[in-house]
Amino acid sequence: MPELPEVETVRRALEKRIIGRKILAVESNFPKIVSTPSFKTFASQIKGSKIEAMFRRGKFLIFDLSGGLSMISHLRMTGHWLVTKNLPDSKFIHLKLKLSDGHTLAYSDIRKFGRIWLIERQDFALFKPFAKLGIEPLSKGFTMEAFSGRLAKYKNNIKQVLLNQQVVAGLGNIYVDEVLFSAGVRPSRKVPSLTKTEILKIFKAIRRILALAIKHGGTTVENFTTPEGGTGYFQNKLKIYGRKGQKCYNCKGTVSRIVIAGRGTHFCKSCQK
DNA sequence: ACTAGCCCCTGGGAGC
DNA sequence: TGCTCCCAGGGGCTAG
């Protein structure tokens with residue numbers, strides 16, 4: 001499932017290959033993939049525009065287009081972007097953008113959870129999914145003060161709070177488990193029970209693990225691939241996620257799996273207090 | 001203002 | 001082998 005490091009990996013790969021290209025034609029077999037505006041409006045507005053820049057905010061990808069428009073994409077569970085001259089014939093490809101250099105920029109999504117939006121750049125502030133988005137964890141604004149200040153609002157368990165995009169933008173199920181293992185904190189711990197030292201450990205782990213995961217091109221579980229069709233490498237570095245029943249790397253214990261907030265949650269009973 | 005529960009989807013694994 | 005059932009999972013939405 002694409003989280004911040006996977007989305008950043010996609011952004012970097014796309015940036016190298018599509019900036020400066022014009023969108024010549026727009027096609028879809030599933031118009032609902034475009035959330036707003038209507039697909040018809042979307043298609044007519046982006047046709048002929050040039051892709052000028054690419055950004056990421058949390059798990060959102062932003063394509064800045066000429067004419068003051070931004071196309072925004074969220075991959076949710078199984079979304080992919082592909083750039084290719086030989087597009088495979090796939091029922092999972094829901095959007096095809098023919099580019100001026102002969103490549104097709106295509107969006108594929110098995111479960112169709114992902115969504116695409118088109119907004120006027122001047123209306124960025126009105127774009128609802130961004131309005132409540134939390135701190136960008138790799139930005140300068142992500143300080144221990146800012147982080148603990150955000151946490152102070154919540155009484156829930158730390159796993160659920162870290163999954164909440166209003167607190168820190170971009171963490172998902174895999175990296176929350178990895179962060180809490182690294183920090184030695186049980187996912188079920190209520191936020192008010194955390195000591196300052198524990199919060200500091202979580203804070204540092206967030207930055208360290210996300211940066212490391214980006215360095216390794218993200219994590220491929222389920223079916224994350226880069227726009228070139230390659231996989232990430234961070235799955236080989238996972239210390240706790242998906243390791244139910246296996247030996248903890250830190251101690252002789254066994255990795256446990258429980259469900260918190262409807263998410264599979266992995267932790268070590270002896271290493272995480 | 002925060003929290004719980006439901007919903008969207010499909011491939012794949014479990015059970016028979 | 002092949003059928004049916006059920007589940008994961010991000011985030012939007014509604015209700016409490």
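In what follows, chains are A, B, ... by sequence order, proteins preceding strands, each numbered from 1. Below, each value reflects all heavy atoms present in this structure, side chains not excepted, and no hydrogens, waters or symmetry copies. Predicted model, so just to flag it, every value in this text is computed and none were measured.
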Practice problem: Check whether any side-chain N or O of A:Lys153 sits under 4.0 Å from OP1 or OP2 of B:dC2, and answer yes or no. | Solution: yes
Quiz prompt | Where protein sits on nucleotides 10-16 of chain C, one letter per nucleotide: B base, S sugar-phosphate only, - none, heavy atoms under 4.0 Å | solution = BBS----
Practice problem: For A:Asp109, report the nucleic acid contact type (base, sugar-phosphate, nothing); a contact means any heavy atom under 4.0 Å. | Solution: nothing
Exercise. Taking only Lys NZ, Arg NE, NH1 and NH2, and the carboxylate oxygens of Asp or Glu, determine whether A:Lys239 and A:Glu178 approach each other closer than 4.0 Å.
Key: no
Quiz item: Where the side chain of A:Arg257 is defined as all heavy atoms beyond and including C-beta, which of C:dA8, B:dC9, B:dC2 is the nearest nucleotide?
Solution: C:dA8
Self-check item: Nucleotide nearest A:Lys91 (side chain, heavy atoms from C-beta), chosen from B:dC2, B:dC9, B:dG11
Solution: B:dG11
Exercise. For A:Ala183, check side chain to side chain contact (heavy atoms under 4.5 Å, CB included) against everything at least two apart and list the hits.
Key: A:Val185, A:Lys201, A:Ile202
Quiz item: Any luck finding a side-chain donor-acceptor pair between A:Asp64 and A:Ser70 under 3.5 Å?
Solution: yes
Quiz item: From the list C:dG9, B:dG11, B:dA4, which nucleotide is the closest neighbour of the side chain of A:Arg111?
Solution: C:dG9
Quiz prompt | Polar side chain donor-acceptor pair, A:Thr265 to A:Lys159, under 3.5 angstrom | solution = yes
Quiz prompt | Short side-chain N/O contact from A:Lys112 to OP1 or OP2 of C:dG9, under 4.0 Å | solution = no
Self-check item: Residues A:Lys98, A:Glu27: salt bridge by 4.0 Å N-O rule
Solution: yes
